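A quick write-up on the structure given underneath.
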Amino acid sequence: MTDNIPLQPVRRHKRHDSKHRNGCCPVSGCCGMGDLRPRTVWLGHPEKRDQRYPRNVINNQKYNFFTFLPGVLYNQFKYFFNLYFLLLACSQFVDELIFVSNFNSHIYSKLLPRGKSNQRVPADMIFLRTTERNGSCFLRTDQLDGETDWKLRLPVACTQRLPTAADLLQIRSYVYAEEPNIDIHTFNGTFTREDGDPPVNESLSIENTLWASTVIASGSIVGVVIYTGKELRGVMNTSNPKNKMGLFDLEVNCLTKILFGALVVVSLVMVALQHFAGRWYLQIFRFLLLFSNIVPISLRVNLDLGKMVFSWMINRDSKIPGTVVRASTIPEELGRISYLLTDKTGTLTQNEMVFRRLHLGTVAYGMDSMDEVQSHVFSAYTQPPHDPPLSRAPAATKVRKTISSRVHEAVKAIALVHNVTPVYEANGVTDQAEAEQHYEDTCRVYQAASPDEVSLVQWTESVGLTLVGRDQSSMQLRTPSGQILNFTILQIFPFTYESKRMGIIVRDESTGEITFYMKGADAVMAGIVQYNDWLEEECGNMAREGLRVLVVSKKSLTEEQYQDFEARYVQAKLSVHDRSLKVATVIESLEMEMELLCLTGVEDQLQTDVRPTLEILRNAGIKVWMLTGDKMETATCTAKNAHLVTRNQDIHIFRAVTTRGEAHLELNSFRRKHDCALVISGDSLEVCLKYYEYEFMELACQSPAVVCCRCAPTQKAQIVRLLQERTGKLTCAVGESPRPHEGKQASLAADFSVTQFKHLGRLLMVHGRNSYKRSAALSQFVIHRSLCISTMQAVFSSVFYFASVPLYQGFLIVGYSTIYTMFPVFSLVLDKDVKSEVAMLYPELYKDLLKGRPLSFKTFLIWVLISIYQGSIIMYGAMLLFESEFVHIVAISFTSLILTELLMVALTVQTWHWLMMVAELLSLSCYVASLVFLHDYIDVYFIATVSFLWKVTVITLVSCLPLYILKYLRRRFSPPSYSKLTS
């Protein structure tokens with residue numbers, strides 16, 4: 001199956017308080033929500049709880065029994081258009097109204113204490129036990145944070161050591177958890193066992209949590225629930241669903257109100273000219289009905305049918321296969337996107353890492369020289385140390401030995417400093433147990449929280465040093481000669497956004513040596529490693545090539561040094577207050593004068609044609625923002641690699657700020673820079689939006705590109721909302737659904753789904769542009785059609801003493817908007833000003849639409865004047881040229897009206913389609929054929945005379961020929977931009 005990328009044009013949203021979300025019921029107090037407070041959860045002793053907690057129920061139904069009918073009625077009649085025709089229908093005594101809507105309810109109410117592989121976690125839990133031999137498990141968190149990387153989770157150490165899961169209820173222990181909050185990346189708590197000797201007290205962090213809506217990727221787990229219902233991290237990061245109303249529909253709704261105002265004014269004028277004689281208030285109502293065509297009921301019908309045609313065209317486009325339109329009411333919105341906000345992983349990139357470069361300072365190895373690295377590793381483990389032959393030059397041998405040992409140390413460090421776990425699976429020939437026992441290469445797969453870590457381990461395997469086993473306390477490497485190297489894992493320091501580095505302390509079982517290995521971003525590692533003169537320059541060179549650079553270092557420790565560190569580290573981890581700061585301080589005591597081993601360069605391959613697609617969007621006037629949960633270095637590197645930030649643009653890295661003063665200084669620093677892309681973290685973004693929301697959004701909107709890193713889901717939604725409120729422009733949010741099954745929910749919730757990011761170019765430049773221009777032309781032509789006949793009615797009533805008598809009756813008034821003009825007018829949905837290839841080649845054409853010119857008050861006024869002119873010419877001409885009978889006026893004026901509408905369609909069309917010609921001929925044929933049956937309204941014998949023909953011809957020419965001349969002159973002296981490309 002093909003992955004789908006949900007594409008969602010987003011309109012204005014109201015602000016939501018993150019602490020008030022959907023719960024089990026509309027009454028906030030029923031679930032015991034109250035204030036969010038820390039809690040102590042006793043294992044197996046629910047009677048010891050110190051407060052009430054919400055039931056583990058998530059209710060996402062849109063309606064309930066009481067709100068269904070009011071909600072549906074409001075959603076239908078918030079359009080003035082629908083409300084107007086409801087009143088009009090009531091005036092005709094149509095008393096049966098039917099409304100249909102759908103609602104669904106998805107209620108999670110079952111709490112499971114034990115989760116198995118591929119099962120969704122039902123509540124926020126602390127990880128206590130797993131069946132995996134390595135004492136850990138992996139989670140898929142794509143439904144929570146949008147990231148496709150698997151996350152490593154570790155159980156509480158003392159509960160993992162218990163003989164069975166049943167023993168969890170026999171011990172006296174409890175979990176202390178911080179108050180619920182929306183941050184899905186951090187957690188602080190402690191686990192205490194009171195009946196131990198001595199009592200056990202362990203710190204808990206994000207690595208010990210299992211958030212609801214994540215999926216267990218390996219083994220089975222047992223956990224204790226700490227948050228439920230409205231206190232779940234996932235629930236606190238969601239908001240209430242909203243009904244979407246397109247910007248185009250809002251504009252049409254506004255025009256409808258103007259037309260209704262004109263209807264009321266015309267009716268009042270007619271009654272006023274009668275000097276409000278007699279029962280004038282009834283006359284007003286009669287004129288309102290008589291001129292009701294001013295607000296065309298066919299407008300909504302034609303636009304909705306047009307939207308269906310546009311959606312069908314998108315679904316059937318062979319150049320963007322797999323594209324699905326799920327919101328068929330807003331395809332024209334794709335033609336007016338001003339800001340496009342995209343995720344990174346799986347949207348811009350393939351999420352497939354490839355190792356590209358190993359740099360040792362004096363020598364670098366690329367993809368074409370990896371065989372040299374392999375030979376150095378092979379010689380390090382296969383050749384016993386001996387003195388070099390006398391025939392060789394001593395200097396050359398010394399250099400060769402130095403390079404070989406440096407390569408060996410670098411590869412060994414890369415093979416050790418990671419969080420990757422090898423997993424063995426049965427392959428049909430070898431079962432799992434046998435494969436695990438013999439380290440079968442064909443059965444081994446690597447699991448990790450980051451794909452770049454997997455790529456590094458796969459690279460070390462390719463050069464001869466293979467990771468074959470790992471659990472919580474040990475790691476095994478296999479050398480090229482088949483020897484197994486055993487290492488004991490003493491400590492692991494996982495990567496965090498604050499530290500920007502990852503470390504591990506291991507003991508080599510064969511020598512007893514304790515080594516501290518560390519890898520991280522060059523910005524932080526430069527101050528940790530020993531002085532050198534090449535790190536900064538080479539990191540810059542590799543980053544400019546679009547590589548994700550990591551600096552790898554090591555430090556040897558004595559047993560005394562490690563024991564002293566371990567004591568201080570354990571004490572810091574047990575702190576409840578300022579734990580992160582205390583732990584970081586202890587770790588930093590080790591991070592001094594480390595030996596620089598190497599630089600690694602890994603490429604996160606972009607999806608096909610991402611660069612040209614981003615260039616098309618940029619040339620179309622669309623500003624692209626990248627919102628990602630990844631770390632800053634990764635996001636910045638991807639932005640450069642994808643050319644989201646062009647080569648001639650500077651990048652302003654918004655430094656971490658925590659206070660109002662720091663935010664103020666940093667904003668002023670950014671304000672002084674011109675044409676500069678902005679890179680900011682989620683934490684700094686939160687501070688800026690708290691104190692300087694308006695100033696920050698103003699500066700960000702002026703920036704050519706914005707990259708937001710470590711963004712929580714609520715922050716992404718907040719940015720979209722703020723963009724709408726501050727700019728009033730249409731915003732499109734693009735995300736990724738990484739797996740056909742797990743991501744189906746996100747895909748179904750989107751307005752549009754595309755299989756590749758490059759399809760956005762054609763979706764917006766071709767389909768979005770055409771849909772908007774066609775909808776604008778169609779809506780204005782339908783209004784023109786109705787205003788023409790309304791003008792004729794106004795002229796007719798004025799001439800005949802302001803009588804409220806209809807000019808056309810019966811089938812004439814019905815046929816005019818249906819079989820006589822419907823097909824030609826609706827065929828405008830096939831019109832296009834340029835070919836799709838030209839629209840893709842010149843995305844600047846899209847920029848013209850962002851100003852809303854195809855449908856504006858100016859174009860509306862022009863069409864109103866055209867309608868008044870043509871309606872007046874036709875009506876006055878018919879009355880001037882008719883001879884004796886009133887029925888001749890009807891015949892002349894109605895025929896001229898039909899011909900005028902058909903000619904006006906021809907005048908409006910930019911590119912003829914064969915169906916347009918068929919529609920024109922079909923409508924004309926239907927009218928001519930129906931004249932035989934219209935003897936009640938039209939004199940059949942009169943229309944066969946030459947007098948009728950020349951009078952109709954003259955009136956039609958006078959009504960249409962000036963407009964054709966004006967169109968020619970305009971194209972001759974002030975041609976539109978697209979005409980230059982089609983000439």
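Just so it is clear, the model here is predicted, and its values are computed rather than measured. We count residues from 1, following the sequence as given.
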Within a reach of under 6.0 Å around CD of Glu509, are more than 12 heavy atoms found that belong to other residues, nucleotides or ligands?
-> yes
Could you tell me whether the side chain of Leu210 reaches within less than 4.5 Å of the side chain of Leu139, counting heavy atoms only?
-> yes
Would Ser220 and Thr131 count as having a side-chain donor-acceptor pair, cut-off 3.5 Å?
-> yes
Residues forming a side-chain contact (heavy atoms from CB on, under 4.5 Å) with Glu132, sequence neighbours excluded = Thr130, Asn134, Ser218
Side-chain (Trp211) to main-chain (Ile184) donor-acceptor, under 3.5 angstrom = yes
Heavy-atom side-chain proximity of Val41 to Val225 below 4.5 angstrom | no
Counting only heavy atoms not in Tyr562, do more than 12 fall under 6.0 Å of its OH?
-> yes
Start with the C-alpha distance between Tyr446 and Glu461, add both sets of side-chain angles, then the distance that settles side chain to side chain contact (heavy atoms under 4.5 Å, CB included), and finish with yes or no.
-> CA-CA 11 Å; Tyr446 294 116; Glu461 179 182 0; 3.0 Å; yes
Min side-chain heavy-atom separation Leu550-Leu456 under 4.5 Å | yes
When the ring planes of Phe565 and Tyr569 are compared, do they come out parallel, tilted or perpendicular, using 30° and 60° as the limits?
-> parallel
Distance-only side-chain donor-acceptor flag, Asp508 / Ser510, under 3.5 Å = yes
Do you see a donor-acceptor pair shorter than 3.5 Å between the side chains of His418 and Glu453?
-> no
Do Leu465 and Lys412 touch side chain to side chain, with heavy atoms closer than 4.5 Å?
-> yes
Find out whether Glu231 and Val235 are in side-chain contact, i.e. whether some heavy atom of one side chain is under 4.5 Å from a heavy atom of the other.
-> no
Decide ring-ring contact (aromatic ring centres under 6.0 Å, His included) for His408 and Tyr381; before the verdict, give the C-alpha distance in whole Å, the side-chain angles of both, and the deciding distance to 0.1 Å.
-> CA-CA 9 Å; His408 166 236; Tyr381 288 105; 4.7 Å; yes
To the nearest 0.5 Å, what is the distance between CG (Leu128) and CD1 (Ile221)?
-> 8.5 Å
